Every structure is written in structure tokens, then in C-alpha cells.
Amino acid sequence: MFVQVCLYFYCKCLWRCLKFVVRKLTGRCELQRICYNTKPGAARTMKIEASLKGSKSKRLQTSVSVHPDAIEKTIDDIMELKRINPDINPQLGVSLQACLLQIVGYRNLIAEVEKLRREPYDSENPQHEEMLLKLWKCLKPNSPLKARISKQWCEIGFQGDDPKTDFRGMGLLGLYNLVYFAEWDTEVAQQVLSDSLQPKYSQFSKAEWEKKKFDKAIGYSFAIVGINITDLAYNLLVSGALKTHFYNVAPEAPTLTHFQQTFCYLMHEFHKFWIEEDPLDIMEFNCVREKFHKRILKQLQNPEMALCPHFAASESLINM
């Protein structure tokens, strides 16, 4: 343990000495070198974030958590602290501002998503009820809901006759995501719902089915899986894994809409992955989900990665 601590401080001191030497040789601080040598996007922003967090200056360390309205002043403070003339280096301020908007925006997005996740569904709240009914209308426009408490909810993948109990894990966040998917990419959402209801035995005759002794379908509960994929998206966000994606697609601060668009992508991709995996029954869901999770994490390790789905819900964001 003692050796590890000594090695840590040795490497830290060596790194700072190396940075000092490089600055003297190039005439540029680390922030300048990153901005001038790394193209815009996740690669640059993540390096800037690491540099600011790892700085020995408290002012630089706290710059990643300032209020969005204070970013311009923060940039001025950084330039002053690093003794950089903004008139000689005008592009540096612009580049740092873009990076800070993404860094601070990501932190604020986590807070916004967490707030929705912690807010429970309230059947006494008219807005909550309105959103739930909108979900039904978007997914089943030709099948009127006969009653608020109804077994019909099972047709779109809820577990019982009152969906409110299914939102306990992800709160309003699960409902927000499902409604966004159903409203902004209706055709794909309806197709995924339809496919999720198709049992595996539809590929076989009754005799073949009985011969194979399959007793379950490969279908899954659309709404429940949507809430589960919301949990997956939430964990990717909180862990920082989604920084690669958001820093590549959001030119400024990533928003809740970006998060919901990512959910749409994950739903669409998980559906395709589920079909590719061809599980025997729903009991294999957790295993398939974990494999899918690892696949997405691997993709996000690429600093050039942007999870840009090719469907209606994402078009305006892809073109930003």
C-alpha cells in the first residue's frame, strides 16, 4: 500500500514537471495545447474536463461546476490565471466556452434526469394522467381506452390494469421517455410494439410448436422494457459513459431532449438486438440486456462515437 501511494505521488509530480517543461518549450499551457491540437467534440471536451479537474488550482477545479450564466466570467478568470492574452488568442476563449457549456450542461442534465426519476407517478395529478393517456393514444390510436383502470394496458406492455405501479422504479422519467418515443417517432414505436407482441410460435404450425415443446413466446412487454431501458440510459448518463455521445452531438449543453433521443435509439437498437439474440423466452431478458449494455459501453469507448439513430425523433438533433 505504501509503495502504491509513493508511486502515485511520484507519477503526479513527474507529470506536473513534464507539463512545466512542455509549456516552457511550446509557450502554451495545457489548455491551449488541447484546444489547438484536438478537434472539437468528445475528445477535446473530455481532455479539457480532465485538465481542469486535475489542476492544482481550486479556481480551475471548480470551473467545471459553475452556473451556466457564469461561464463567460469563468473563461475570463481562466485566461487571467493562465496569463493568456485574449486579443492574441481569441479562438481559445471560444473553444473553452464551448467545452464548458458541454461539461456544465452534462452535470445539469444529470440533475434534471435525477429529479424526474425521483418524482413518483401521481394518479391524482392531471398532468401525469394526461401523459399516460397520451401514451395510449399514440400507440393505439384505433383502439379507444375503455376505462382508466383496465386490462387493456397490458396490450402495450404494462403488468396490470393500472400502469402507475410500474413506474415506481424510474418515476416520471420512464413515462417521459415512453411518451417521447411514441409521440415523436410514432411509426417506429408502433412497429416495435407490434413486434414485441408477436410470439415465436407464429413461425411454426401448431403441430411443429407442440413437437418442439416451446411453452413461451419471445415477445416482451413493451412498456416494462421501455422502463428498463430508461434505467439503462440513466446509468449510462450517471456513470459518464454518455459523455462521448453527448459531447459529439450537442454543440453546447446537452438537454433532456438529447437524453430522450438517446432513449429512442436504445429502444430501437435493443429491439433489433433482442431479435438477433433469439432468446427462448422472457426469462433470458436480464442476460440479453447485460450483453446489450456491454455492447453500448464498448461503442461509447470510441471518442468519435455518436449514437445517432436514423429515425424521425433524432433528425433535428443530428443536424445541429
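Computation of the quantities below employed the complete heavy-atom set of this structure, encompassing side-chain atoms and omitting hydrogens, waters and symmetry-equivalent molecules. These numbers were taken from a predicted model, which means no experiment stands behind them.
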S.K.: Should we say atom CD of E187 is surrounded by more than 12 heavy atoms from elsewhere, each under 6.0 Å from it?
M.R.: no
S.K.: Could you verify whether a donor N or O on one side chain and an acceptor N or O on the other, from D195 and Q191, lie under 3.5 Å apart?
M.R.: yes
S.K.: Would you say N248 and T45 make side-chain contact, with heavy atoms under 4.5 Å?
M.R.: no
S.K.: Answer whether the closest heavy-atom distance between the side chains of L52 and Q61 falls below 4.5 Å.
M.R.: no
S.K.: What pairs with H293 under side-chain hydrogen bond (donor to acceptor under 3.5 Å, both in side chains), at least two apart in sequence or on another chain?
M.R.: none
S.K.: For residues L139 and F222, determine if any side-chain heavy atom of one lies less than 4.5 Å from a side-chain heavy atom of the other.
M.R.: yes
S.K.: Heavy atoms, side chains only, cut-off 4.5 Å: are K140 and Q152 in contact?
M.R.: no
S.K.: Decide yes or no for I78 and I84: does some side-chain heavy atom of the first lie under 4.5 Å from some side-chain heavy atom of the second?
M.R.: no
S.K.: Within the 3.5 Å criterion, strictly below it, is a donor on Q260 or Y265 matched to an acceptor on the partner's side chain?
M.R.: no
S.K.: Check the angle between the aromatic planes of H128 and Y121 and answer parallel, tilted or perpendicular using the 30° and 60° thresholds.
M.R.: tilted
S.K.: Between F273 and K291, is there a cation-pi geometry (under 6.0 Å to ring centre, at most 45° from the normal)?
M.R.: no
S.K.: Does any part of the side chain of Q91, heavy atoms only, come nearer than 4.5 Å to the side chain of P86, both counted from C-beta?
M.R.: no
S.K.: With no hydrogens and no angle check, just 3.5 Å: does a side-chain donor-acceptor pair link S150 and D161?
M.R.: no
S.K.: Does one side chain, of E30 or S51, offer a donor that lies under 3.5 Å from an acceptor on the other?
M.R.: yes
S.K.: If only side-chain N and O atoms count, and only distance matters, is there a donor-acceptor pair under 3.5 Å linking D281 with Y220?
M.R.: no
S.K.: Would you call the rings of F285 and F270 parallel, tilted or perpendicular, where under 30° means parallel and over 60° means perpendicular?
M.R.: perpendicular
S.K.: Establish, from distance only, whether the side-chain atoms of E114 and Y234 form a donor-acceptor pair under 3.5 Å.
M.R.: yes
S.K.: Could you check V179, D185, L178 and say which one makes a side-chain contact (heavy atoms from CB on, under 4.5 Å) with F181?
M.R.: D185
S.K.: Does some side-chain heavy atom of N37 sit less than 4.5 Å from a side-chain heavy atom of Q32?
M.R.: no
S.K.: With a 4.5 Å limit on heavy-atom distance, are the side chains of L116 and F259 in contact?
M.R.: no
S.K.: Can you tell me how far apart CD (E49) and OH (Y106) are? Round to the nearest 0.5 Å.
M.R.: 9.0 Å
